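Just below is one structure, and these are the notes that go with it.
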Amino acid sequence: MEYDVVVIGGGSGGLVVASAAAQLHAKVALVEKDRLGGDCLWFGCVPSKSLLHAGRAAYEVRNGSRFGIYTDPPRIEFAEATRHVQQVIANIQPHDSPERFRSLGVEVIFGEGKFSGRDTFAVNGRQLTARTFVVATGSRPALPPIPGLQAAGFLTNEQVFSLQECPQSLAVIGAGPIGCELGQALHRLGSQVTIISSRDRIMPKEEPEAADVVERQFVAEGIRIIHNARAESVEVAGNKKIVWVGGQKVVVDEILMSSGRVPNVHSLNLEAAGVEFYKTGIKVNQKLQTTNKQIYACGDVIGGYQFTHVAGYEAAVVVANALFLPVSKADYRVIPWATFTEPELARVGLTEEQARDRYGDKVCIVKQDFANVDRAQAEAATDGFAKYVLDPKGQILGAHLVGSSAGELIHEVILAMKNKLPITALSGYVHIYPTLSEINGKAALAFKKQGYAANKTLQNLLRGFFNFRRGKF
Ligand SMILES: Cc1cc2nc3c(=O)[nH]c(=O)nc-3n(C[C@H](O)[C@H](O)[C@H](O)COP(=O)(O)OP(=O)(O)OC[C@H]3O[C@@H](n4cnc5c(N)ncnc54)[C@H](O)[C@@H]3O)c2cc1C
Ligand SMILES: NC(=O)c1ccc[n+]([C@@H]2O[C@H](COP(=O)([O-])OP(=O)(O)OC[C@H]3O[C@@H](n4cnc5c(N)ncnc54)[C@H](O)[C@@H]3O)[C@@H](O)[C@H]2O)c1
């Protein structure tokens with residue numbers, strides 16, 4: 001065997017496998033068909049958060065009057081906003097550069113290859129043999145077969161970050177995290193945005209009342225949302241595009257497709273290697289082995305949680321199993337994520353409905369509004385709440401934070417949940433005043449108070465004790 005491991009796909013998952021394996025002194029080849037960095041760097045997390053930040057700046061300038069700061073309507077040079085986005089990519093890219101990986105000892109091979117057998121991958125006329133392979137080829141936008149869409153033309157996350165002009169009006173097809181993040185960013189940067197949601201709310205995978213808070217903000221900003229409808233067909237009329245949705249037409253300059261993802265499996269000739277896959281991704285066991293035990297897969301290509309941090313986590317499991325003994329199992333009990341709209345929405349664990357389905361009426365809910373947090377008042381960021389889904393002893397089954405910096409604030413909940421600490425642990429230390437993090441401590445206190453309010457015996461005992469101390473029997 002030429003290599004200990006051949007990694008196919010140089011994105012969030014593949015790069016972690018390649019660098020870790022090389023640093024452990026394994027012989028590693030990394031095959032990438034395009035550029036190292038993957039979706040996250042070029043078309044995903046990094047550019048979307050950078051564009052959202054530009055949008056937030058525009059929003060803050062427009063809405064400064066709440067703090068007594070008045071300006072004329074801001075002039076937005078969209079090309080400069082996307083230049084900021086491209087600059088951020090350029091700043092981060094060296095970390096994912098071929099030079100860096102070669103310096104770690106990885107053999108980086110550019111080319112689109114395919115399996116030619118159970119233990120051979122063919123690329124650029126070479127046959128790479130390895131003890132183990134890792135498929136980390138990611139995913140791409142799903143394009144539902146909407147009549148007229150291809151002919152009219154559309155944007156996906158692969159084009160939107162290099163636009164030089166902001167479309168005056170935009171139909172966003174799909175109200176998941178991509179549609180919501182990009183819809184809000186582009187609306188704030190000057191586009192009239194209509195989001196088409198196939199369900200009765202945006203972000204249908206989230207805790208409904210948390211998604212409602214984001215939706216209210218979208219509506220307040222002037223984003224139009226069409227519910228319970230799918231884009232059915234598209235027509236072109238002059239220089240406009242018409243999207244037909246539930247019998248009504250949405251006339252726009254541009255369309256953004258954000259209707260889910262499909263795994264990149266088809267060009268790999270997985271059949272030759274005995275690797276089975278479904279429509280949603282490659283079939284893996286808990287050790288992330290495919291149906292060919294020498295071939296592992298991680299990241300978006302296996303479906304499941306499609307996040308950079310999950311691809312990285314799965315990559316770590318794969319490194320341990322592929323290089324040493326295959327005994328590590330991926331554990332998805334505590335997987336957090338955040339959608340970086342304003343307000344942000346962060347989640348870990350079960351929704352209330354999922355918890356009730358599993359544990360019935362024993363589930364206990366604690367909720368704290370940001371309006372009760374002094375720092376949120378100071379920053380006029382009072383929309384939103386933190387909701388904790390608990391078992392009767394206070395063990396955290398899930399948490400949903402919607403509000404300012406929710407994606408940061410959830411981390412102490414993640415730590416507690418991962419270590420099986422009850423929510424009361426979050427009030428077992430001093431939070432700095434005034435910070436938004438106080439929301440977690442306040443929730444823990446609220447849970448303690450609920451327990452105290454229900455404990456009549458303890459209350460009677462205390463009443464008696466203090467009566468006794470005051471000499472009143
Ligand atoms: C707009 C957007 C915003 C997002 N924001 C976030 C976020 O804020 N936080 C978050 O956690 N996640 C976010 N994600 C998701 C995140 O980008 C993905 O989950 C992550 O990139 C998956 O990593 P991966 O390694 O599986 O795939 P990728 O990082 O996409 O890497 C796959 C690599 O494989 C290569 N490849 C494909 N086919 C082949 C082949 N046949 N041969 C060789 N190479 C091949 C590709 O060129 C690519 O470089 C976002 C995604 C999008 C689209
Ligand atoms: N902040 C983050 O971490 C972040 C941000 C963006 C994306 N992501 C990742 O990328 C993945 C993909 O995001 P996404 O938003 O494309 O997918 P998604 O699957 O979450 O949402 C797509 C939505 O589009 C709807 N849809 C499909 N066809 C439609 C049609 N014809 N008309 C109207 N609606 C239609 C679907 O019903 C679905 O609700 C996410 O699941 C997430 O894992 C993460």
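Nothing here was measured: the structure is a model prediction, and the numbers come from that model. Indexing begins at 1, ligand by ligand and atom by atom, following the structure's order.
Side chains of Leu256 and Leu182 form a contact here, defined as non-hydrogen atoms less than 4.5 Å apart.
A cation-pi contact, defined as under 6.0 Å to the ring centre and within 45° of the axis, links Lys367 to Phe385.
Note: His266 and Phe277 meet the aromatic proximity criterion, with ring centroids under 6.0 Å apart.
Here the shortest heavy-atom pairing between Ala297 and Val318 reads O-CG2, 4.1 Å. Shortest non-hydrogen contact noted between Arg224 and Gln248 is NH2-OE1, 3.0 Å. The minimum heavy-atom distance between Leu189 and Cys166, with the atom names listed, is O-SG, 3.8 Å. Summarising the geometry of Tyr388 relative to Ala443, their closest heavy-atom pair is CE1-CB, 3.1 Å, with the distance given to 0.1 Å.
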N or O contacts of ligand 1 with protein under 3.5 Å, please list pair by pair.
{"unit_1": "ligand 1", "atom_1": "5 (N)", "unit_2": "Lys49", "atom_2": "NZ", "d": "3.2"}
{"unit_1": "ligand 1", "atom_1": "8 (O)", "unit_2": "Lys49", "atom_2": "NZ", "d": "2.7"}
{"unit_1": "ligand 1", "atom_1": "11 (O)", "unit_2": "Thr308", "atom_2": "N", "d": "2.9"}
{"unit_1": "ligand 1", "atom_1": "11 (O)", "unit_2": "His309", "atom_2": "ND1", "d": "3.2"}
{"unit_1": "ligand 1", "atom_1": "12 (N)", "unit_2": "Thr308", "atom_2": "N", "d": "3.3"}
{"unit_1": "ligand 1", "atom_1": "19 (O)", "unit_2": "Asp300", "atom_2": "OD1", "d": "2.7"}
{"unit_1": "ligand 1", "atom_1": "19 (O)", "unit_2": "Asp300", "atom_2": "OD2", "d": "3.4"}
{"unit_1": "ligand 1", "atom_1": "19 (O)", "unit_2": "Gln306", "atom_2": "O", "d": "3.3"}
{"unit_1": "ligand 1", "atom_1": "19 (O)", "unit_2": "Phe307", "atom_2": "N", "d": "3.2"}
{"unit_1": "ligand 1", "atom_1": "21 (O)", "unit_2": "Ser12", "atom_2": "OG", "d": "3.4"}
{"unit_1": "ligand 1", "atom_1": "25 (O)", "unit_2": "Ser12", "atom_2": "N", "d": "3.2"}
{"unit_1": "ligand 1", "atom_1": "25 (O)", "unit_2": "Gly13", "atom_2": "N", "d": "2.8"}
{"unit_1": "ligand 1", "atom_1": "26 (O)", "unit_2": "Asp300", "atom_2": "N", "d": "2.8"}
{"unit_1": "ligand 1", "atom_1": "29 (O)", "unit_2": "Ser12", "atom_2": "N", "d": "3.1"}
{"unit_1": "ligand 1", "atom_1": "29 (O)", "unit_2": "Asp39", "atom_2": "N", "d": "3.4"}
{"unit_1": "ligand 1", "atom_1": "30 (O)", "unit_2": "Asp39", "atom_2": "N", "d": "3.0"}
{"unit_1": "ligand 1", "atom_1": "41 (N)", "unit_2": "Ser267", "atom_2": "OG", "d": "3.4"}
{"unit_1": "ligand 1", "atom_1": "44 (N)", "unit_2": "Lys33", "atom_2": "N", "d": "3.2"}
{"unit_1": "ligand 1", "atom_1": "47 (O)", "unit_2": "Glu32", "atom_2": "OE2", "d": "2.6"}
{"unit_1": "ligand 1", "atom_1": "49 (O)", "unit_2": "Glu32", "atom_2": "OE1", "d": "2.6"}
{"unit_1": "ligand 1", "atom_1": "49 (O)", "unit_2": "Glu32", "atom_2": "OE2", "d": "3.2"}

Any protein N/O atoms within less than 3.5 Å of an N/O atom in ligand 2? List the atom names and distances, or say none.
{"unit_1": "ligand 2", "atom_1": "1 (N)", "unit_2": "Glu181", "atom_2": "OE2", "d": "2.9"}
{"unit_1": "ligand 2", "atom_1": "1 (N)", "unit_2": "Ala338", "atom_2": "O", "d": "2.7"}
{"unit_1": "ligand 2", "atom_1": "3 (O)", "unit_2": "Ala338", "atom_2": "O", "d": "3.3"}
{"unit_1": "ligand 2", "atom_1": "15 (O)", "unit_2": "Pro177", "atom_2": "N", "d": "3.3"}
{"unit_1": "ligand 2", "atom_1": "15 (O)", "unit_2": "Ile178", "atom_2": "N", "d": "3.0"}
{"unit_1": "ligand 2", "atom_1": "16 (O)", "unit_2": "Gly260", "atom_2": "N", "d": "3.0"}
{"unit_1": "ligand 2", "atom_1": "19 (O)", "unit_2": "Lys205", "atom_2": "NZ", "d": "3.3"}
{"unit_1": "ligand 2", "atom_1": "20 (O)", "unit_2": "Lys205", "atom_2": "NZ", "d": "3.1"}
{"unit_1": "ligand 2", "atom_1": "28 (N)", "unit_2": "Arg230", "atom_2": "NH1", "d": "3.1"}
{"unit_1": "ligand 2", "atom_1": "32 (N)", "unit_2": "Ala231", "atom_2": "N", "d": "3.0"}
{"unit_1": "ligand 2", "atom_1": "37 (O)", "unit_2": "Ser198", "atom_2": "OG", "d": "2.7"}
{"unit_1": "ligand 2", "atom_1": "43 (O)", "unit_2": "Gln306", "atom_2": "O", "d": "2.6"}

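Taking the six-membered ring where tryptophan is involved, the planes of Tyr305 and Trp337 are tilted, since the angle between them lies from 30° to 60°.
Between Asp369 and Lys387 no salt bridge is recorded (no basic side-chain N to carboxylate O distance below 4.0 Å).
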